[in-house]
Each structure stands twice: as C-alpha cells, then as structure tokens.
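To start, the structure itself, in structure tokens.
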Amino acid sequence: MITREEIANVLDQPVYDGDGNKIGDAKHVFFDDMTGRPEWVSVKTGMFGSTESFVPIRDAALVQDHLEVPYGKDQVKGAPSVDVDAGGHLSETEEHRLYDYYGINWDSVLSEAERTDDDRFATGPGTAGAAGTAGAAGLAGTAGTAGTAGGRTGREDAMRREGMRGDEAMTRSEEQMHIGVERHESGRARLRKYVVTEEVQQTVPVTHEEVRVVREPITDANRDEALAGPEISEAEHEVTLHAERPVVETETVPVERVRMTTEELTENETVRGQVRKERIEAETESFTEGETKNARDDKRRGGK
C-alpha cells in the first residue's frame, strides 16, 4: 500500500501493469475524505497524455522509479471516464462506478472507511487536524481529493475545517508538457523484377569461299598429268563453296544480387502546445483611521 509519505515519489512517475507494460504517467493522487488515505491515482495515457484514467492505488506498489498496479494496461485504459476538474472531488456515483469496474466490493470499502474514521476520532483532535490538512492539500492541486466512501458527514467537515486553520499557505500548480513519439507506418517499398527486351548489336567476322581460276603453263613437271586424258574432249569439274554466317544464341547468367535495407534518419521537429499555470498575487486593503477589522468585516457583509 502507498503511504502518504510516498506520494511525492509517485506523481509524474511511470505507471506499469503487472506484466511490465507501461500504462502512462501518474498525474494526481486522490485521498479518501474519511480515512485520509490515498485511494486513487489518475494516469495520463494516450498520445501525449491526452487521456486520464483512474486506477485504485490501495494494492499498488512503488518499485524503484515507477508505480506498479495489479491491473492490465487495457483494463486501466478502459476505465469509466471521470471529470477530474469537478471541484477536486469524485462524486459518490463516480467512485461507486469505478469500484464496480475494478471488481472491488463497495460494502467492504465503506466498512473499512467507517472503522478507520472511528479509530481516528478515538485518537483525539490532533489526528483530526492532520486529516483535514491532507484534504486541503488535495483541494489546492498537489494531489486531488476523492469523494467520501459513504457520503460526507458533519463530523468529517468539522475535521477538515479544523485542520485548515493551521495552514494559511496556498499551493501554486502548473501544467507541464511531456512530449513523446509514436511509431507508425509512413509508406511501403518493394523490389519488383520484370523483363525488358533490348536491341544488341555486335560485329563478328565471317568468311566465305569464292571461285578463282588458276591457269598454269605446261611444264616438264606437269606434262604427264596434262596428257593423261583424251586429246580433245568435253569435261566438267565441280568444287563445293563454303561460307560462314552469324548464329545467335542466348545464355542466362547471374550478374548481380539486389536487396533492400532500411536506415533511420533523425531530424528535429518543433512541437507546440499550451500549458496552464496558476499565479498567486497578494492584495492589501487599508483601513480608515479609527476603523476596526470587525467594523470593516460588517461593512463588507452589508452591515451598517
């Protein structure tokens, strides 16, 4: 269970579920008006913390630098929507609806609150004053205040007023802008292979045979061959001619490997937003000579 002393270590810290998934950041802690104990924590979820979900803090644990709750990320994000700015309190209806959503028995919460309230009253006015101070701090914005477990009582209001008398300081709060990034698909790239036909031109040498008539005079060396045939006759001699011609063949051979890789490039992008801040100014009021504070107060209330 988170104690009051640990609240400062909870605010603006990451909130994780039991499986180690980050849900968001703790924004406000709400106390129970009757018991004075932390009861709810609101978690900023969604892009740039645009959504605020309530989750019980009674079974949460502070682990190193983050808060761990025994509820799943999706369950917390799906919690009923609650108006956080409604006077710094949860209505009884809203709180009842949240308890039902998280499966917490409302009667057991009410009984526990009543027992704690009785114990606090038994300890004397000093304890009551401390509880009242806690309620005032919640109203000032340091940590919001939850609605009563079973409706407010006159005794509880008296304790709050008693506790507020000793603290006349105001708490000034301001919003802080937390910027994050989310990864999304920006496009797709693919490799596509297709076939094209190109005209290729190449010069190759080719040869062919042509007939050339060679005449030789009769000599002693060829006389016998020349006189071997008939003296006068008709004859015919045939020679086969040859020629080369280009022959085209294609062969498929691998020439390169092509693949795609991705690389991340980082660039700076300016993000603008609006945050609200509280300002505290002092106002003074002077009295006329002889006028007392009581007379001034009566005049302000319309007295004479």
Side-chain angles (χ1 to χ4, degrees), residues 2 4 6-17 21-33 38-57 60 62 65-69 71-91 93-95 97-98 101-102 133-147 164 167-187 264-284:
I2 304 300
R4 298 182 61 87
E6 295 175 318
I7 296 302
N9 299 326
V10 171
L11 297 179
D12 295 324
Q13 296 300 317
V15 179
Y16 287 79
D17 63 11
N21 301 312
K22 182 180 178 181
I23 304 173
D25 296 322
K27 186 63 177 177
H28 298 94
V29 173
F30 286 69
F31 295 86
D32 190 291
D33 285 342
E39 192 70 23
W40 300 94
V41 58
S42 63
V43 183
K44 282 285 189 179
T45 61
M47 186 176 181
F48 304 127
S50 57
T51 306
E52 196 164 352
S53 302
F54 275 69
V55 60
I57 201 174
L62 193 60
D65 59 345
H66 67 272
L67 184 69
E68 186 173 300
V69 296
Y71 302 99
K73 179 178 180 179
D74 293 337
Q75 183 180 8
V76 175
K77 286 189 172 184
S81 177
V82 175
D83 185 5
V84 182
D85 297 326
H89 277 79
L90 295 177
S91 68
T93 301
E94 290 175 331
E95 193 173 19
R97 186 155 52 100
L98 286 170
Y101 176 77
Y102 284 104
T133 304
L139 291 174
T142 304
T145 310
M164 292 177 62
D167 186 3
E168 298 179 356
M170 291 184 179
T171 300
R172 188 183 69 84
S173 302
E174 65 183 33
E175 294 178 339
Q176 295 181 347
M177 186 168 65
H178 300 281
I179 301 175
V181 296
E182 68 172 4
R183 194 175 185 90
H184 66 93
E185 290 187 3
S186 60
E264 290 189 354
L265 303 178
T266 301
E267 58 184 13
N268 295 324
E269 183 173 341
T270 302
V271 179
R272 292 181 175 86
Q274 294 182 343
V275 295
R276 297 178 301 169
K277 297 182 179 181
E278 296 176 343
R279 292 287 187 261
I280 298 177
E281 296 180 354
E283 295 181 355
T284 60

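At least one donor-acceptor pair closer than 3.5 Å links the side chain of Arg172 to the backbone N or O of Glu278. Asn21 places no side-chain N or O within donor-acceptor distance of the main-chain N or O of Lys73, the cut-off being under 3.5 Å. Side chain of Ser42 to main chain of His28: a donor-acceptor pair is present (N/O by atom type, distance under 3.5 Å, no hydrogens or angles).
Annotation: side chain of Pro38 is not in contact with side chain of Phe30 (no heavy-atom distance under 4.5 Å). Between Leu62 and Val10, the closest side-chain pair of non-hydrogen atoms falls below 4.5 Å. Here the side chains of Glu52 and Lys27 are in contact, with some heavy-atom distance below 4.5 Å. A 4.5 Å side-chain heavy-atom check between Val41 and Leu67 finds at least one atom pair inside the cut-off. For the pair Trp40/Val55, no side-chain contact is recorded, criterion being any heavy-atom separation below 4.5 Å from C-beta on.
The nearest pair of heavy atoms linking Pro80 to Arg97 is CB-NH1, 3.0 Å. Contact detail for Asn9 and Gln13: the closest heavy-atom pair is O-CG, 3.1 Å.
Atom CZ in Phe31 sits 4.5 Å away from atom CD1 in Ile7 (nearest 0.5 Å). In this structure, CD on Glu68 lies 8.0 Å from CG on Asp17, to the nearest 0.5 angstrom. Here the CD1 atom belonging to Ile23 is positioned 8.5 Å from the NZ atom belonging to Lys77, to the nearest 0.5 angstrom. Atoms CD and CD1, on Glu39 and Ile57 in that order, are 9.5 Å from each other to the nearest 0.5 Å. We find the OG1-CD distance between Thr93 and Glu95 to be 10.5 Å, quoted to the nearest 0.5 Å. Between Arg279 atom CZ and Glu174 atom CD the span is 7.0 Å, to the nearest 0.5 Å.
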Legend entry - Intermediate values then yes/no, side chain to side chain contact (heavy atoms under 4.5 Å, CB included), Val43 and Asp25: CA-CA 5 Å; Val43 183; Asp25 296 322; 5.9 Å; no
Inset, instruction - Take Tyr101 and Phe54, measure what ring-ring contact (aromatic ring centres under 6.0 Å, His included) needs, and give me the verdict at the end. - result: CA-CA 11 Å; Tyr101 176 77; Phe54 275 69; over 10 Å; no
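No option in Gln274, Arg276, Lys277 other than Arg276 meets the side chain to side chain contact (heavy atoms under 4.5 Å, CB included) test with Glu175.
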